[in-house]
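A note on names: the letters A, B, ... follow the listed sequences, proteins ahead of strands, and every chain is numbered from 1.
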Number of protein chains: 2
Amino acid sequence: MTGSLPLPPGPPDPGKARQALVLSTVGEPEQLRSDAARNRTRLLDAASRLMAERGAANLTMESVAAAAGVGKGTVFRRFGDRTGLLIALLDHREGLLQAAFLSGPPPMGPDAPAAERLHAFGPAVMRHERDHHELILASRTDPLRAYAVPAHRLRLSHVAMLLRGARVEGDTELLAHTLLGSIDAALVHHLTRRRGMPLEALDQGWHDLVSRLGAAR
Amino acid sequence: MTGSLPLPPGPPDPGKARQALVLSTVGEPEQLRSDAARNRTRLLDAASRLMAERGAANLTMESVAAAAGVGKGTVFRRFGDRTGLLIALLDHREGLLQAAFLSGPPPMGPDAPAAERLHAFGPAVMRHERDHHELILASRTDPLRAYAVPAHRLRLSHVAMLLRGARVEGDTELLAHTLLGSIDAALVHHLTRRRGMPLEALDQGWHDLVSRLGAAR
DNA sequence: ACATTAAACGGACCACGGTCCGCTTGCTCC
DNA sequence: GGAGCAAGCGGACCGTGGTCCGTTTAATGT
């Protein structure tokens, strides 16, 4: 989230990085000049519409700029590059999922015991990924970039927290990475679409894995 | 491996897909016309040299073609696209690793018990990835493509086999995916380079994970 | 109101990946 | 060794991502 511009604006953030992560549910694009803010929303709307019409693969920066009625340079200034635009777009759609596990009702939300929340987390993420796979996959041009996306970092710290809450022993950060890896969008898509594995089998695999790591339901 | 051309030549493979996977240690580029074969090796040599000189990011298809003394079209004909070239290049370098776990000495090779082989597998893969991270990361443009690379499929079926050999219960294919995901090149690079985690901690995490899945050493 | 200035804008420009198609060349079969 | 032909070749061509820089504009201070 944060819609932080990849390079142009630099890091004006003095000392609240930690809070920024916690608060980074869904994008507060930090203050922009009025014209810039207006163009930002125009661009996201245009991109969203074009993607729905012609698919992510056919989404060109120039067409987005034209549809939003701005110059191409403006798109790059705002989002850094094509991937940045796609990530910003994706960001818009993470709100519900994040609300569900941060503050929603049990079993995902904070009123359920940690182990239960953990068990509920995987299936919910996989369904979210199924629903947005085109955008997610399209935004994965650079394999390293995914780890820097705030939405991913939020998931990671959330899972690590749940592991600790469920009294799972060991390096919880590493285990969280492993758990998230097992429900990675690309893997899920590969297994369900190309290999024909039903999503329920993946749910089962998730529960099995979580249990083996020591978080009984 | 197999260096099978992504699209142009089509699927002339009648009914030995399974054997092909098993045999696909390191590339037998199926029979090519003499000039094509010669150009193929020239191209791989040129690409390898240019990559060493200027880095993977600066490797352009045109420069490779020029360095090999062929036309640009030839490069695309042979490797399909840039990613195909990078994967073919990577293929060349997988030989030692594959030999080590397919037919090398214990603890990786076939003369050790399955659980022990499994424990030895992770650290070996991670070191291989560390040594070739630039090429591996550069070849990961399309997140789905990685699953289709024969080297990956070989690792997958190998790990699944070891899991069965170690009498691990459950969906071994799914578990193998999870295990491989936990030592994915991008993740390892992220954790060691960007997060400063020592590789030994990842080794430890691997042993821990394998043990929790039920393969005691 | 006006001056000042940093930020935003936009489109010409460039480099690279990928395609296309007319030409050439190495194989196979007589 | 020659004919026929599928495979290979190469470079002109095109679309798109990304950069650059001269111009415009919104905010701020007086």
Side-chain angles (χ1 to χ4, degrees), chain A residues 3-10 12 29-43 46-47 50-51 54-89 138-142 145, chain B residues 3-12 29-43 46-47 50-51 54-88 138-142 145:
Chain A
S4 74
L5 338 247
L7 311 156
E30 54 199 80
Q31 79 206 58
L32 290 172
R33 230 170 67 171
S34 61
D35 52 348
R38 186 201 54 202
N39 285 342
R40 192 188 131 93
T41 62
R42 277 190 191 172
L43 283 166
L50 287 179
M51 217 198 88
R54 323 211 289 236
N58 298 324
L59 195 75
T60 75
M61 296 301 264
E62 202 142 15
S63 68
V64 172
V70 305
K72 187 162 85 152
T74 302
V75 194
F76 283 92
R77 159 170 295 272
R78 189 61 42 222
F79 300 102
D81 58 11
R82 201 183 110 104
T83 300
L85 172 63
L86 296 177
I87 289 175
L89 219 42
S139 75
R140 289 276 181 86
T141 302
D142 175 0
R145 192 139 162 198
Chain B
S4 74
L5 338 242
L7 311 157
E30 52 200 79
Q31 79 207 62
L32 291 172
R33 230 170 65 174
S34 61
D35 51 350
R38 186 201 55 204
N39 284 341
R40 193 188 132 94
T41 62
R42 277 190 192 173
L43 283 166
L50 286 179
M51 217 197 87
R54 323 211 291 237
N58 299 323
L59 195 74
T60 74
M61 297 299 265
E62 200 143 15
S63 68
V64 171
V70 305
K72 188 160 81 150
T74 302
V75 194
F76 283 92
R77 159 169 295 271
R78 191 58 42 223
F79 300 102
D81 57 11
R82 201 183 109 105
T83 300
L85 172 63
L86 296 177
I87 289 174
S139 74
R140 290 276 183 87
T141 302
D142 175 359
R145 192 140 164 198

Rounded to the nearest angstrom, tell me the gap between atom [atom1] in [X] and atom [atom2] in [N].
X: A:R42; N: C:dG10; atom1: CZ; atom2: C1'; result: 14 Å
X: B:R82; N: C:dT19; atom1: CZ; atom2: P; result: 15 Å
X: B:Q31; N: D:dG8; atom1: CD; atom2: C1'; result: 15 Å
X: B:F79; N: D:dC9; atom1: CZ; atom2: C1'; result: 15 Å

Between [X] and [N], does any side-chain N or O lie under 4.0 Å from OP1 or OP2?
X: B:R38; N: C:dG26; result: no
X: A:T74; N: C:dG10; result: yes
X: A:R77; N: C:dA8; result: yes
X: A:N39; N: C:dC9; result: yes
X: B:S34; N: C:dC27; result: yes

Pairwise 5' ranking along DNA chain C for B:D35 and B:T60, keeping only the more 5' one:
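The residue whose closest nucleotide sits nearer the 5' end is B:T60.
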
Both A:G69 and B:M61 contact DNA chain C. Which one's nearest nucleotide lies toward the 5' end?
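Upstream on the strand: A:G69.
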
Touch class at under 4.0 angstrom, heavy-atom based, for A:L85 against every strand present
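Answer is nothing: A:L85 stays at 4.0 Å or more from every strand.
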
Working note: B:L86 + B:R140, criterion side chain to side chain contact (heavy atoms under 4.5 Å, CB included); need CA distance, chi angles, decisive distance, verdict.
CA-CA 9 Å; B:L86 296 177; B:R140 290 276 183 87; over 6 Å; no

Please confirm whether the backbone N or O of A:A37 pairs with a side-chain atom of A:R42, one donor and one acceptor, at under 3.5 Å?
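A pair under 3.5 Å: no.
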
Heavy-atom closest pair, residues A:T83 and A:S139
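Closest approach of A:T83 to A:S139, heavy atoms only: CG2-O, 3.4 Å.
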
Identify which nucleotide among [options] has an atom closest to any side-chain atom of [X], counting heavy atoms from C-beta outward.
X: B:L32; options: D:dA26, D:dG17, D:dG8; result: D:dG8
X: A:D81; options: D:dG18, C:dG10, D:dG8; result: D:dG18
X: B:K72; options: C:dC9, D:dG17, C:dT19; result: C:dT19
X: B:R78; options: C:dC16, D:dG17, D:dG8; result: D:dG8

Applying side chain to side chain contact (heavy atoms under 4.5 Å, CB included), run through B:L85 and B:F76 and close with a yes or a no.
CA-CA 9 Å; B:L85 172 63; B:F76 283 92; over 6 Å; no

B:A37 or B:E62: which one's nearest nucleotide on DNA chain D is closer to the 5' end?
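Counting from the 5' end, the first nearest nucleotide belongs to B:A37.
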
Does A:R33 get its side chain close enough to the base of C:dA8, under 3.5 Å, for a donor-acceptor pair?
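Check fails, no donor-acceptor contact within cut-off.
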
Report the C-alpha distance between A:D81 and A:R145 in whole Å, list the side-chain angles of each, state the deciding distance to 0.1 Å, and finish with yes or no for salt bridge (Lys or Arg N to Asp or Glu O under 4.0 Å).
CA-CA 12 Å; A:D81 58 11; A:R145 192 139 162 198; 3.0 Å; yes

